[in-house]
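Each remark here refers to the structure printed beneath this line.
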Amino acid sequence: MAVRWLCSLFGKPFDGGKRMDHGSQQQQQHPAMIRLYEVQREVQSLGPQVCTFSGLKNEREYRRLERELTRLLLEVDQVDTEGRADLQGARKRAAQEVEGLLRYLEENATHPSRLAIEELSREAQRLVEQGVVEPQRAGGTAEISDELVDAVQELILRLTQVKTGGRVPLRKARYRALTRLCAVQDVIEGRTRQQTLPLSEDTHVAVQRINQVMVQVSGARSQLVALLMGLSGRDSCAHLSRVLTELLVELDALDVSGNAAVRNYRKQVVEEINGLLKHLDLEGEGDDTRRYDLAQNDSIRQIEAVRGRVGQLRGEVLRHCGVGDLFRPKPELQSLLTHLDQVDTARNPCIREARRRAVLEVQAVITFLDLREALICRQPGSNEPPQHRAVWMVLGSLSDLQAQVLCFNGKRADKSYILLEELLTKQLLALDAVDPQGDEMTKVARKQAVKFAQNILSYLDMKTDEWEY
């Protein structure tokens with residue numbers, strides 16, 4: 001069964017009639033066939049390891065796998081077939097299987113997307129080292145700036161946009177990089193949110209020790225960030241976990257009865273420690289295929305079900321608009337937004353991004369319906385300012401263009417995409433040319449129209465960015 005799996009993986013047909021049997025007939029087989037079967041059993045053992053390896057060529061595990069496969073290839077080459085066609089065919093198939101694994105191993109370790117993941121990881125390392133780790137090592141306290149938080153968020157977004165082409169090793173590498181960077185983001189953002197302030201040591205006899213623990217927690221936070229980003233060679237997650245657990249035990253043993261303020265202070269420190277501990281189980285993170293093979297993820301399936309229903313409603317809306325009618329499924333669209341809000345992302349950035357994009361798809365249909373309804377209900381007065389009428393004329397054009405964007409399913413290189421982009425840009429220029437002449441209503445209308453046009457452009461861009469889970 002494993003042989004069949006490996007052959008299907010590399011696109012090779014499995015010839016059941018030529019399969020090497022290995023049972024009670026073994027003693028009657030040719031020695032060359034027996035040796036080829038032994039090699040094949042080793043290949044079956046190495047296959048799953050190769051197909052889930054997500055590292056680079058300079059890693060120890062890569063060199064081990066390459067060495068084992070090269071050894072098997074040499075052993076296959078040394079099998080004496082004595083000129084027999086059946087043995088030659090069996091040896092050729094065995095060699096092809098080993099060569100396929102070697103090729104797959106190298107392709108994934110040197111794939112452009114794998115190198116892009118590594119470069120983004122190194123960029124994140126440099127960012128965190130300068131902003132968090134180095135100040136702590138120098139004996140100071142790292143000041144978490146908004147710029148650092150924004151930079152980490154941008155790197156996370158760029159990682160989610162790396163294309164994997166469905167390859168398991170690339171998905172695994174991307175997921176592992178994302179989980180660590182998201183953990184770092186949570187740690188540094190948690191630090192800016194909480195900022196537990198120490199109490200005066202005169203408050204209670206236990207406060208002095210709690211304050212000392214706070215200092216240790218501050219150091220542990222930077223140590224955790226260094227561990228997550230691979231910047232701490234000597235320490236390990238297991239060691240830091242033991243240290244933090246011991247601090248929890250010590251805090252629990254403190255007698256703070258009778259003083260609500262000290263109890264609350266201890267509680268806050270305990271919560272901070274627990275917040276750090278939850279990120280210390282990442283050593284084996286990514287080994288479970290269900291974590292990064294998101295096609296099998298329940299949350300993704302829910303999101304895809306919503307997207308499928310949105311596609312149906314969008315088609316109905318556009319079909320009714322084509323015949324001059326207005327189909328109003330807004331209550332159902334709103335319920336779909338509520339359902340998306342309840343989808344559990346499990347702190348997975350790829351699922352979060354999938355949900356965000358699904359929300360934008362729903363909102364695009366809702367805003368289209370809102371503008372269509374406003375255009376139908378509009379009853380301009382005879383004294384309406386010309387500049388206000390000009391804004392509404394642009395909104396009418398934008399509504400027609402949005403209908404085309406909603407049903408667009410092409411790529412950025414398509415002529416229709418380029419044309420839509422140009423037409424939307426022209427509408428923005430037309431709005432820019434409108435002079436409100438001090439009319440507040442026109443100012444507000446123009447501002448809303450500009451935002452509406454920009455949202456359509458962003459939606460068109462999202463539909464064509466070839467994002468994947």
Side-chain angles (χ1 to χ4, degrees), residues 1-14 39-40 42-74 76 93-125 155-182 229-230 282-297 300 348-351 353-354 466-469:
M1 197 67 187
V3 180
R4 187 183 300 273
W5 173 74
L6 285 172
C7 289
S8 65
L9 178 66
F10 295 106
K12 299 182 180 65
F14 177 78
V39 169
Q40 195 173 56
E42 291 191 64
V43 170
Q44 292 174 18
S45 174
L46 288 171
Q49 300 174 49
V50 170
C51 296
T52 56
F53 175 73
S54 60
L56 300 168
K57 291 186 73 172
N58 60 354
E59 295 183 18
R60 180 183 299 176
E61 181 65 7
Y62 179 93
R63 292 194 293 269
R64 183 189 71 82
L65 290 170
E66 184 182 44
R67 185 169 58 251
E68 290 294 316
L69 290 169
T70 303
R71 175 182 61 79
L72 290 176
L73 195 59
L74 290 173
V76 169
R93 289 192 297 275
Q96 287 175 339
E97 203 164 275
V98 178
E99 288 169 350
L101 284 173
L102 273 169
R103 187 164 54 250
Y104 191 75
L105 179 67
E106 183 177 13
E107 284 176 357
N108 288 311
T110 59
H111 194 282
S113 292
R114 182 62 186 89
L115 300 179
I117 293 168
E118 184 65 17
E119 179 54 36
L120 287 170
S121 297
R122 291 186 182 279
E123 189 175 338
Q125 281 183 328
L155 284 172
I156 289 173
L157 181 60
R158 287 166 62 189
L159 270 171
T160 64
Q161 294 171 343
V162 173
K163 305 292 186 295
T164 65
R167 288 173 174 253
V168 169
L170 299 181
R171 286 180 181 273
K172 184 175 180 179
R174 185 182 66 176
Y175 177 76
R176 289 173 69 89
L178 278 168
T179 51
R180 281 154 177 75
L181 194 52
C182 285
M229 297 309 300
L282 292 178
E283 294 286 355
E285 187 67 43
D287 291 336
D288 183 358
T289 307
R290 290 172 296 178
R291 297 292 291 165
Y292 53 85
D293 186 10
L294 295 182
Q296 307 302 319
N297 185 278
I300 288 294
N348 187 312
C350 291
I351 301 177
E353 176 65 9
E466 299 181 4
W467 183 81
E468 63 176 27
Y469 299 132

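As a basis for the values below, the full set of heavy atoms in this structure was taken, side chains included, without hydrogen atoms, waters or symmetry mates.
Counting heavy atoms from C-beta outward, L157 and E353 have side chains that approach closer than 4.5 Å. Contact of the L65 side chain with the L101 side chain is not registered, since no non-hydrogen atoms from C-beta on lie closer than 4.5 Å. Using a 4.5 Å cut-off on side-chain heavy atoms (C-beta onward), L73 and T70 make no contact. Taking the side chain as every heavy atom from C-beta outward, E97 and V76 never approach each other to under 4.5 Å. Between V168 and C51, the closest side-chain pair of non-hydrogen atoms is not below 4.5 Å. You'll find the side chain of L170 stays beyond 4.5 Å of the side chain of V162, heavy atoms only. Using a 4.5 Å heavy-atom threshold, the side chains of K172 and F53 count as separate. Put simply, the side chain of H111 does not reach to within 4.5 Å of the side chain of L115, judged on heavy atoms.
The nearest pair of heavy atoms linking L56 to A109 is CD2-O, 3.6 Å. Residues R167 and Y104 approach most closely at NH1-CE1, 4.1 Å, considering heavy atoms.
Pairs engaging residues 42-55 under the salt bridge (charged side-chain N to carboxylate O under 4.0 Å, His left out) rule: E42-R71 [sequence neighbours left out].
Here E59 pairs with nothing under the side-chain hydrogen bond (donor to acceptor under 3.5 Å, both in side chains) rule; sequence neighbours left out. Under the side-chain contact (heavy atoms from CB on, under 4.5 Å) criterion, A177 pairs with I117, S121, L159, not counting sequence neighbours. Contacts of E119 classified as side-chain contact (heavy atoms from CB on, under 4.5 Å), with partners at least two apart in sequence or in another chain: R126. Considering only residues two or more places apart in sequence or on other chains, E61 meets the side-chain hydrogen bond (donor to acceptor under 3.5 Å, both in side chains) condition with R64. Every salt bridge (Lys or Arg N to Asp or Glu O under 4.0 Å) that E118 has, sequence neighbours left out, goes to R114, R122.
Under a 4.0 Å N-O distance rule, the pair K57/E66 does not qualify as a salt bridge.
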Q) Stepwise, does the side-chain contact (heavy atoms from CB on, under 4.5 Å) test hold for T164 with S113? A) CA-CA 6 Å; T164 65; S113 292; 5.8 Å; no
